[in-house]
K.L.:
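Encoded as structure tokens, here's the structure I'll be asking about.
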Amino acid sequence: MKPSIQTVKGARDFYPEEMALRNYLYAKARAASQAFGYQEWDGPFLETLDLYAAKSGEELVKKQSFVFADRGGDEVTLRPELTPSLARMIAARQGSLTFPVRWWSFGPFWRYEQPQKGRSREFFQWNIDMLGVNSPEADAELLAIAATFLRSVGLDPQRATIFVNNRRLMDSQFDALGIVPEKRLDVSNLVDRRSKMDPSQWDANALDLGLNQTQLDGLKSLLADYDLWQKSEELTRLFVALEALGVKDYVKFDPNIMRGLLYYTGTVFEAFDQTGGVRRAILGGGRYDNLLADVGGQPLSGVGFAMGDVVVGIVLKEAGLLPDFDPTPSSVLVTVFDEKLWMTSYALASELRAAGLNVITFPEPAKLPKQFKYADKMKMRVVVTVGPDEAEKGLVAVKNLSNGEQVIVARAEAAEAVRKILS
RNA sequence: GAGCCUGUAGCUCAAUGGCAGAGCGCCACACUGUGGAUGUGGAUGUUGUGGGUUCGAAACCCAUCAGGCUCCCCA
């Protein structure tokens with residue numbers, strides 16, 4: 001039977017299987033974050049529109065935010081990103097926080113976009129930031145966290161690569177080509193779109209922006225120069241630190257990585273699936289020097305990245321790296337032999353739970369084959385049965401489903417027998 | 001916000017204007033105290049939804065909803 005009411009467009013149902021993946025990503029993000037000593041935090045899911053109007057682009061505020069009036073008439077929005085909340089909260093306690101601040105978060109976000117592969121309107125995102133240290137070595141730490149995560153979910157450097165660039169380096173190169181600072185943003189956006197465009201059309205767009213042929217040629221050789229990082233002290237130091245941190249194999253310099261975000265000022269990076277199943281970035285981030293000052297705090301530099309759950313979920317699925325799904329958190333089934341022994345089974349299950357085991361009881365008397373089939377389908381590992389023969393002597397039958405062996409033990413020793421099989 | 005493609009059983013898909021099907025899964029039984037295997041049988045459906053064309057529509061037309069690809073955007 002099909003339900004007559006569908007989910008909201010771009011929203012997803014989390015059946016136990018999807019919920020398990022979400023929790024898996026959460027656990028891996030937490031592990032990578034905590035391995036580097038980051039503290040978990042969160043902001044409100046509802047924010048005032050003004051928070052985003054202050055810094056975020058017009059596109060985000062006007063077109064891609066879920067905005068509505070509350071009952072008091074104030075405009076509120078479902079948070080489309082976390083960084084403004086971070087800046088606000090840091091600024092509010094700037095005088096009392098111990099820097100550097102190392103914070104991470106995993107929660108829901110909403111953007112009113114066209115849903116497609118790798119993109120939904122309601123999604124979960126891992127955010128992680130370090131504020132108060134402005135150095136390539138700090139940037140390297142965030143890259144190492146990203147690489148640690150990728151490694152922990154089974155994505156090797158050939159499969160998932162983090163491409164890094166530096167805004168300051170590119171700006172100085174643009175300067176050298178005689179591209180005026182006012183044109184940097186346009187040129188950056190153009191670079192960002194290059195991989196999606198037909199080469200001749202891209203050239204035409206570049207000339208439309210007011211570049212001359214010499215500048216265009218210079219820009220193209222710039223974007224083909226994968227040794228360009230050697231001209232940047234920041235990037236040179238970054239790669240030294242990445243090597244020491246043991247993640248250099250995950251990171252490659254790429255002059256084509258720009259990122260659309262206005263607030264990035266130094267190192268920028270994006271991780272991509274190299275097998276091409278998903279063209280969207282798995283994660284992305286960079287250094288931002290001016291964000292705190294923009295929301296009224298003292299100037300404070302930060303570096304961080306964000307990873308949505310949707311793209312990485314697809315990448316893991318396509319790579320065959322989804323973790324095995326456990327249909328039940330319990331590995332033990334206590335059968336109900338018949339009407340008469342029903343409550344005996346319930347009492348036995350209760351004893352096993354008191355001994356610290358997670359136990360499912362079959363909800364009613366049924367034929368044993370049916371109960372065993374249920375245990376098998378739920379991938380349970382142990383079945384405990386009390387039939388008339390056992391009940392009479394105070395015994396229980398404990399069966400190991402993985403090898404089919406069954407032992408008869410005293411009821412008081414059931415928990416121990418189960419534990420032995422599970423260990 | 002724009003263009004294109006798709007929507008049939010729980011899942012993957014057939015049926016190209018003429019009786020809506022297959023495989024897998026599901027349920028029951030064979031098996032009256034023990035799962036995975038095998039066999040036999042069974043249930044599946046408002047063909048996304050609403051209109052229209054037609055003697056007749058899953059198919060053709062319009063609208064709408066959802067998904068996918070792309071543009072835009074990716075904070």
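The structure displayed is predicted, hence computed values, not measured ones.
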K.L.:
Could you identify which residues of residues 362-385 of chain A place a heavy atom less than 4.0 Å from some atom of RNA chain B, listed by residue number, or say none?
P.N.:
A:Lys367, A:Leu368, A:Pro369, A:Lys370, A:Phe372, A:Lys373, A:Asp376, A:Lys377
K.L.:
Ring centroids only, cut at 6.0 angstrom: are A:Tyr26 and A:Trp126 within range, meaning strictly under it?
P.N.:
no
K.L.:
For the ring pair A:Phe66 and A:Phe109, is the centre-to-centre distance below 6.0 Å?
P.N.:
no
K.L.:
Checking all strands, does A:Gly286 fall into the base, sugar-phosphate, or nothing category for heavy-atom contacts under 4.0 angstrom?
P.N.:
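Touches nothing.
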K.L.:
Walk me through whether A:Glu40 and A:Trp104 qualify under side chain to side chain donor-acceptor pair (under 3.5 Å).
P.N.:
CA-CA 5 Å; A:Glu40 186 172 9; A:Trp104 72 280; 4.9 Å; no
K.L.:
Nearest to the side chain of A:Arg119, which nucleotide is it out of B:G33, B:G35, B:C74?
P.N.:
B:C74
K.L.:
Do A:Phe362 and A:Tyr374 make the cut of ring centroids closer than 6.0 angstrom?
P.N.:
yes
K.L.:
How many whole angstroms separate atom NZ of A:Lys117 from atom P of B:U6?
P.N.:
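In whole Å, B:U6 P and A:Lys117 NZ are 19 Å from each other.
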K.L.:
With a 6.0 Å cut-off on the ring centroids, do A:Trp103 and A:Tyr38 count as close?
P.N.:
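No, they do not, as the ring centres are separated by 6.0 Å or more.
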K.L.:
Please report the shortest heavy-atom distance between A:Arg167 and A:Val268, naming the atom on each side.
P.N.:
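Closest approach of A:Arg167 to A:Val268, heavy atoms only: CG-CG1, 4.1 Å.
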K.L.:
To the nearest Å, how far apart are A:Leu82 CG and B:C74 C1'?
P.N.:
16 Å
K.L.:
Assign A:Arg193 to base, sugar-phosphate, or nothing according to its heavy-atom contacts below 4.0 angstrom with the strands shown.
P.N.:
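Sugar-phosphate only.
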K.L.:
Using the closest heavy atom to pick a nucleotide of RNA chain B for each, name whichever of A:Ala11 or A:Pro388 lands nearer the 5' end.
P.N.:
A:Pro388
K.L.:
In whole angstrom, what separates A:Gln125's CD from B:C74's C1'?
P.N.:
10 Å
K.L.:
What is the distance from CD of A:Glu113 to C1' of B:C71, rounded to the nearest Å?
P.N.:
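My rounded result for the distance is 14 Å.
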K.L.:
Taking all atoms of both residues into account, what is the closest heavy-atom pair of A:Ala160 and A:Ile282, and its distance?
P.N.:
CB-CD1, 4.2 Å
K.L.:
Does a side-chain N or O from A:Lys399 land closer than 4.0 Å to OP1 or OP2 of B:U34, or not?
P.N.:
no
K.L.:
To the nearest Å, give me how far apart CG (A:Asp338) and P (B:U34) are.
P.N.:
14 Å
K.L.:
Students often get this wrong, so: under 4.0 angstrom with heavy atoms, is A:Gly284 touching a base, only sugar-phosphate, or nothing?
P.N.:
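Counting heavy atoms under 4.0 Å across all strands, no contact is made by A:Gly284.
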K.L.:
Taking atom P of B:C74 as reference, at what distance in whole Å does atom CD of A:Glu270 sit?
P.N.:
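Computing the A:Glu270:CD to B:C74:P distance gives 11 Å.
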